[in-house]
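Read the structure below first, then the notes.
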2 protein chains.
Amino acid sequence: MKKREEIEKKLGLNLCPIRTVLAQIGDKWSLLVILQLRAGGQRFSQLQRAIPDISQRMLTQTLRKLERDGLVSRKVTPSTPPRVDYAITALGQSLFEPIGAMAQWAIDKQPDILKARDQFDRQH
Amino acid sequence: MKKREEIEKKLGLNLCPIRTVLAQIGDKWSLLVILQLRAGGQRFSQLQRAIPDISQRMLTQTLRKLERDGLVSRKVTPSTPPRVDYAITALGQSLFEPIGAMAQWAIDKQPDILKARDQFDRQH
DNA sequence: CCGCATCCAAAAGGATACTG
DNA sequence: CAGTATCCTTTTGGATGCGG
């Protein structure tokens, strides 16, 4: 919420790094982009094709944010037409392990979650 | 996004369990509630006091979602005034490990991220 | 005490048109 | 090709009042 973030900014510290981080990669697209870049550096248009239902606007925005956080690098080749290549940085690489654990959990527990959901929905 | 979710619903499968899961715990409050419940089962009002800047509406909503997914249990004691106790289920417990890894990463890498951000902001 | 319903503001995100 | 700018819709969440 606003208040907490404002407090943090004023204090210059982070009351909850977990929240801060999950807020970054937990948004709609960051994770997908990172996982896509895991396959190797790629151009803007390649990413767009690889993630069909992302809008150009959101792809740009997401890449900027990841670049800002130092997770992704951006290399511009000013030719005509221009060419921009994105890649995962070392810092970004370090995310793969914890993300992998989360992903594995998601895959493993999905049946349980879906079952729980079904049961809950039938009772309500 | 809408289209993907609709497709998934029709197909009855999940094209991206990672997204689905992170969408759940990556929202504004779920993680905080889970971590708070880690300290032991608690009443609604206790949770509200423990997480001061959550609104009643959001706490209720978050708890419902977690209950629906089978991560949290809800026990009503119909006294006057009523009493409702929430606790983490076994399934919820299993989240602690991957969450812990993410949290550790967040804590470890936060300095790097903040440095990258600073540098980026100065250049733009 | 718990939580639902309503209303409203803010933020996120999609569609489209335009630029170097 | 790789964006930026604008407009508009959807989603999120806070505030408040009511009910069991």
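Residue numbering restarts at 1 for every chain, and letters A, B, ... go by the order of the sequence lines.
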Quick one: [X] [atom1] to [N] [atom2], roughly how many Å, whole number?
| X | N | atom1 | atom2 | value |
| --- | --- | --- | --- | --- |
| B:Glu67 | C:dC2 | CD | P | 15 Å |
| A:Met58 | C:dA15 | CE | C1' | 12 Å |
| B:Lys65 | D:dT11 | NZ | P | 14 Å |
| B:Leu47 | C:dG3 | CG | P | 10 Å |
| B:Asp53 | D:dA15 | CG | C1' | 15 Å |
| A:His124 | C:dG3 | NE2 | P | 11 Å |
| A:Asp27 | C:dG14 | CG | C1' | 15 Å |
| A:Ile51 | D:dA2 | CD1 | P | 14 Å |

So does [X] get a side-chain nitrogen or oxygen closer than 4.0 Å to the phosphate oxygens (OP1/OP2) of [N]?
| X | N | value |
| --- | --- | --- |
| A:Arg64 | D:dG3 | yes |
| B:Lys28 | D:dG14 | yes |
| A:Arg74 | D:dG3 | yes |
| B:Tyr86 | C:dG3 | yes |
| A:Thr80 | D:dC1 | no |

Rounded distance [0.5 Å steps], CD in B:Gln119 versus NE2 in B:His124: 10.0 Å
query: When rounded to the nearest 0.5 angstrom, what is the spacing between OG1 in A:Thr77 and CZ in A:Arg43?
result: 8.0 Å
task: With the side chain counted from C-beta on, respond yes when B:Ile88 and B:Arg38 share a heavy-atom pair under 4.5 Å apart, and no when they do not.
output: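 B:Ile88 vs B:Arg38: side chains apart.
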- prompt: Do you know which two heavy atoms are closest between B:Arg83 and B:Asp85, and how far apart they sit?
  reply: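 Looking at all heavy atoms of both residues, the shortest contact is NE-OD2, 2.8 Å.
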task: Rounded to 10°, tell me the angle between the two end axes of the helix from C:dC1-D:dG20 to C:dG20-D:dC1, each built from five pairs.
output: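 The end axes of the helix from C:dC1-D:dG20 to C:dG20-D:dC1 are about 40° apart, to the nearest 10°.
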- request: Could you check B:Asp85 against A:Pro81 and say which one's nearest nucleotide on DNA chain C is further toward the 5' end?
  value: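 Nearest-nucleotide comparison on DNA chain C picks B:Asp85.
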- prompt: Going through the distances and angles, do B:Leu71 and B:Leu95 end up as a side chain to side chain contact (heavy atoms under 4.5 Å, CB included)?
  reply: CA-CA 9 Å; B:Leu71 302 178; B:Leu95 239 182; 4.1 Å; yes
message: Check this for me: A:Gln93, atom CD, are more than 12 non-hydrogen atoms of other residues, nucleotides or ligands nearer than 6.0 Å?
response: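 Check passes, neighbour count above 12.
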message: What contact category does A:Gln56 fall into here, base, sugar-phosphate, or nothing, at under 4.0 angstrom with non-hydrogen atoms?
response: base
message: Quick check on DNA chain D: between A:Arg57 and A:Leu63, whose nearest nucleotide comes earlier from the 5' end?
response: A:Leu63
Between [options], which nucleotide gets closest to the side-chain atoms of [X]?
| X | options | value |
| --- | --- | --- |
| B:Val84 | C:dG3, C:dG14, C:dT6 | C:dG3 |
| B:Thr60 | C:dC4, C:dC1, D:dG14 | C:dC4 |
| A:Pro82 | D:dA2, C:dC1, C:dG13 | D:dA2 |
| B:Arg43 | C:dC1, C:dG3, D:dC1 | C:dC1 |

message: Apply side chain to side chain contact (heavy atoms under 4.5 Å, CB included) to residues A:Phe44 and A:Leu63 and explain how you reach the verdict.
response: CA-CA 9 Å; A:Phe44 188 90; A:Leu63 286 167; 3.9 Å; yes
task: Kindly say whether A:Ala50 contributes a backbone atom to a donor-acceptor pair with the side chain of A:Gln42 at under 3.5 angstrom?
output: no
